[in-house]
Amino acid sequence: MVGAAIFLLGAIPACLGAVLPKNKPDDMHLVGTQKDIIPYLAGAGPYFSYPVNYGIPIEAPDQCEFRQVQLIGRHGERYPTTNSGKKLLKLYNTLRKYPNKFNGSLEFMNDYEFFIRDQNDLQMETTLSNSVNFVNPYTGQADATAHARKFLVYYNELLNAAEQTAVFAASSERVHDTAQYFIEGLGDNYNMTLQTVSEEPSAGANTISAGNSCPAWDEDLYSNITDAYTTKYLEDIAYRLNGENPGLNLSSSDAYNMFAWCAYELNARGYSEICDVFKKEELIHYSYYNDLTSFYQDGPGYPMIKAAGSNLFNASVALLQQSESLPQRAYIAFTHDTDILNYLVTIGLFDDGKMLSANSTPFREQAFHRSWQVPQGARVYTQKYTCGNDSYVRYVVNDAVIPIETCSSGPGFSCPEKEFYAYATERLQGQNFFQACNTSSVSNVTDLTFFWDWEEKHYNATLLKQ
Ligand SMILES: Cc1ncc(C[n+]2csc(CCOP(=O)(O)O)c2C)c(N)n1
């Protein structure tokens with residue numbers, strides 16, 4: 001009936017590359033057909049562009065010239081983390097042990113191979129070689145190389161082929177791998193060097209992953225708010241599947257885990273039949289629940305996050321201010337989703353001052369959408385350009401220019417440089433990362449210096465499977 005006997009994670013072969021893709025002819029027809037579902041998957045599924053695009057062109061406006069670009073990117077499409085992988089495997093085993101033929105939307109389980117086939121894949125990018133089939137369009141590897149080609153379309157003139165240019169990566173292996181694939185995507189005409197910056201707590205402020213240097217951060221601080229969101233949609237799913245398959249006894253938490261299964265299977269296989277279990281309304285509930293938790297764990301709902309994000313925003317502002325004297329014009333760094341969320345909170349791009357509520361599902365008044373901001377492969381660009389004698393700053397998030405709400409009077413809805421610095425000073429007022437995060441309890445490194453001292457320090461941190 002269903003694949004090989006896999007009861008424990010340890011029973012998944014640990015032989016990377018040795019598990020050949022199983023290609024059903026149907027794969028060809030199914031891959032890439034579930035794009036509509038991706039925005040509802042809490043940023044765990046494949047990359048997609050920011051859905052609300054005002055249509056402002058990404059290139060520098062007429063008569064203007066880019067002077068600096070900064071890119072803060074998330075690693076690409078990946079397999080589940082070890083924790084999440086364990087939950088998915090447990091659920092898969094519950095289903096696998098069902099003695100009867102499956103009916104309804106679980107019918108696919110009658111002839112199904114689980115998408116996690118090798119425990120070494122957990123935590124890692126999906127690649128051409130570890131994908132479940134040959135035609136998966138959603139690998140983190142292909143995403144990063146395609147992103148690099150797009151980067152060249154807009155910014156190739158900012159890369160000085162004669163000089164070595166650093167690309168920075170947090171020291172999680174998948175983040176490092178993404179940066180490596182990005183460099184490969186740039187091709188042979190540039191002289192790039194990958195600098196791996198430690199994301200251990202001991203790195204303190206000299207990190208691209210402030211969240212990992214933030215012992216004061218408490219994931220559950222606002223769980224009393226987020227736990228109040230309805231779970232009826234999960235009960236509905238379990239009830240429906242149990243009704244179609246008598247004796248199955250799936251729980252609400254099984255139903256919850258199916259959404260992650262759907263997301264990660266898309267990353268690894270290019271399609272996922274379990275995605276078809278959900279009704280649209282259920283996807284909306286799942287998506288909003290994840291916006292809500294993200295808002296209170298890593299977003300504007302947690303006051304300390306503005307300080308966490310200030311570590312990177314401070315550095316970004318300094319790079320902008322020094323653009324005419326720095327050796328590089330392009331600053332490229334890769335990290336984790338939560339670090340990018342924290343950074344965006346401090347910038348204030350999606351912070352409309354309204355708190356998200358667990359009592360209802362908002363539609364008209366919600367600026368904070370986790371998956372829109374940090375899908376796998378997320379990319380936040382800061383552009384600085386000159387037009388005549390004046391300079392301007394603006395942001396591009398996941399292929400859409402997102403003007404600063406209170407500062408967009410410049411060409412291309414940019415913020416005039418001086419006004420930008422005043423805006424940034426106000427956002428950063430009173431924000432002290434090192435203090436708010438109690439970083440001194442894990443490190444004595446008080447400054448972010450890697451953008452400036454990489455040539456002398458050579459960042460080569462040990463890679464972590466986290
Ligand atoms: C402020 C803060 N500090 C630490 C954490 C924990 N955390 C950060 S990245 C990550 C893995 C998934 O990210 P990705 O898939 O982008 O690698 C986890 C579990 C947090 N959520 N917020």
Side-chain angles (χ1 to χ4, degrees), residues 27 30-52 73-81 83-85 87-88 91-92 105 108 114-116 121-128 130-133 135-144 146-147 174-175 177-178 181 233-234 237 255-294 298 336-338 340-341 368-380 397-400:
D27 281 355
L30 294 170
V31 291
T33 60
Q34 291 167 305
K35 282 199 181 75
D36 291 356
I37 295 176
I38 296 171
Y40 301 94
L41 300 176
Y47 178 76
F48 61 99
S49 296
Y50 199 81
V52 179
R74 186 186 181 195
H75 59 76
E77 289 75 354
R78 62 166 169 82
Y79 275 96
T81 57
N83 257 345
S84 170
K87 287 182 198 164
L88 299 186
L91 170 58
Y92 167 71
S105 56
F108 75 92
F114 193 43
F115 75 99
I116 304 171
D121 289 337
L122 296 178
Q123 307 269 18
M124 304 296 282
E125 293 286 282
T126 53
T127 64
L128 296 174
N130 72 17
S131 282
V132 182
N133 61 34
V135 287
N136 174 18
Y138 298 132
T139 64
Q141 178 181 12
D143 184 8
H147 178 194
R174 61 178 170 275
V175 176
D177 290 355
T178 298
Y181 296 134
Y233 69 106
L234 301 173
I237 295 167
Y256 186 77
N257 288 328
M258 285 179 181
F259 290 91
W261 179 338
C262 157
Y264 293 118
E265 186 164 33
L266 286 174
N267 297 345
R269 197 196 286 274
Y271 70 92
S272 171
E273 285 149 306
I274 205 148
C275 298
D276 299 334
V277 160
F278 315 117
K279 294 185 173 179
K280 257 288 159 51
E281 293 94 307
E282 292 157 355
L283 284 160
I284 291 168
H285 280 297
Y286 177 77
S287 177
Y288 181 64
Y289 172 70
N290 278 282
D291 289 341
L292 185 69
T293 47
S294 204
D298 286 293
H336 298 279
D337 53 359
T338 48
I340 300 173
L341 280 173
F368 184 90
H369 294 272
R370 176 200 166 81
S371 72
W372 299 10
Q373 293 178 39
V374 285
Q376 310 278 9
R379 52 208 68 170
V380 176
V397 178
N398 301 332
D399 310 307

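We're numbering straight along the sequence, starting at 1.
- Considering only heavy atoms from C-beta on, Phe114 stays 4.5 Å or farther from Val132 through its side chain.
- Formation of a donor-acceptor pair under 3.5 Å by the Gln123 side chain with backbone atoms of Tyr79 is not found in this model.
- In plain terms, the two heavy atoms of Pro80 and Ile116 that are nearest each other are CG-CD1, 3.9 Å.
- Checked against side chain to side chain donor-acceptor pair (under 3.5 Å), Gln376 has the following partners two or more places apart in sequence or in another chain: Arg74.
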Requested in this report: Given side-chain contact (heavy atoms from CB on, under 4.5 Å), test Ile237 with Phe278 step by step and report yes or no.
Outcome: CA-CA 7 Å; Ile237 295 167; Phe278 315 117; 3.9 Å; yes
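- Ring-centre distance between Tyr256 and Trp261: not below the 6.0 Å cut-off.
- Judged by distance alone, the side chain of Asn267 and the main-chain N or O of Ala44 form a donor-acceptor pair under 3.5 Å.
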Query raised in the report: Can Gln373 and Asn398 be said to form a side chain to side chain donor-acceptor pair (under 3.5 Å), step by step?
Result: CA-CA 7 Å; Gln373 293 178 39; Asn398 301 332; over 6 Å; no
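- Counting only heavy atoms from C-beta outward, the side chains of Gln34 and Asp276 approach each other to under 4.5 Å.
- Residues passing the salt bridge (charged side-chain N to carboxylate O under 4.0 Å, His left out) test with Asp291, sequence neighbours excluded: none.
- Looking at residues two or more places apart in sequence or on another chain, you find a side chain to side chain donor-acceptor pair (under 3.5 Å) between His147 and Tyr381.
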Requested in this report: Tell me, with the steps shown, if Tyr286 and Tyr233 meet ring pair (Phe, Tyr, Trp, His ring centres under 6.0 Å).
Outcome: CA-CA 8 Å; Tyr286 177 77; Tyr233 69 106; 7.2 Å; no
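- For Ser49, the side-chain contact (heavy atoms from CB on, under 4.5 Å) test picks out Tyr47, Asp399, with sequence neighbours left out.
- In terms of the salt bridge (charged side-chain N to carboxylate O under 4.0 Å, His left out) criterion, residue partners of Arg370 (sequence neighbours excluded) are, by chain and number, Asp337.
- When atom types are taken as modelled, the side chain of Ser287 and the backbone of Leu283 share no donor-acceptor pair closer than 3.5 angstrom.
- Under the side-chain contact (heavy atoms from CB on, under 4.5 Å) criterion, Pro51 pairs with Phe48, Trp372, sequence neighbours left out.
- Every residue meeting the salt bridge (charged side-chain N to carboxylate O under 4.0 Å, His left out) condition with Glu265, not counting sequence neighbours, appears here in chain and number order: Arg269.
- With sequence neighbours excluded, the residues forming a side-chain contact (heavy atoms from CB on, under 4.5 Å) with Gln141 are Thr127, Leu128, Thr139, Tyr181, listed by chain and number.
- No donor-acceptor pair closer than 3.5 Å links the side chain of Ser84 to the backbone N or O of Thr81.
- Annotation: salt bridge (charged side-chain N to carboxylate O under 4.0 Å, His left out) contacts involving residues 36-48, sequence neighbours excluded, are absent.
- Every residue two or more places apart in sequence or in another chain that forms a ring-ring contact (aromatic ring centres under 6.0 Å, His included) with Phe368 is listed here: Phe295.
- Scanning all heavy atoms of the two residues, the minimum distance from Asp177 to Met124 falls at OD2-CE, 3.7 Å.
- Looking at heavy atoms from C-beta onward, Leu266 lies in side-chain contact with Ile38 at the 4.5 angstrom threshold.
- When all heavy atoms of Ala263 and Pro46 are compared, the closest pair comes out as O-CD, 4.4 Å.
- At least one side-chain heavy atom of Phe108 sits under 4.5 Å from a side-chain heavy atom of Ile274.
- Residues Leu41 and Ile37 come closest through the heavy atom pair CG-O, 3.7 Å.
- Nearest approach of Thr178 to Gly76, heavy atoms of both residues: OG1-N, 3.1 Å.
- Proximity of a side-chain donor or acceptor of Ser371 to a complementary backbone N or O of Pro39 within less than 3.5 Å is detected.
- Applying the side chain to side chain donor-acceptor pair (under 3.5 Å) test to Tyr264 and every residue at least two apart in sequence or in another chain returns Arg78.
- Inter-residue side-chain proximity for Glu77 and Asn136 is flagged as unmet; no heavy-atom pair is nearer than 4.5 Å.
- Here the shortest heavy-atom pairing between Gly85 and Leu122 reads CA-CD2, 4.1 Å.
- With sequence neighbours left out, the side-chain contact (heavy atoms from CB on, under 4.5 Å) criterion links Asp298 to Trp217, Ile305, Thr338, Leu341, Asn342.
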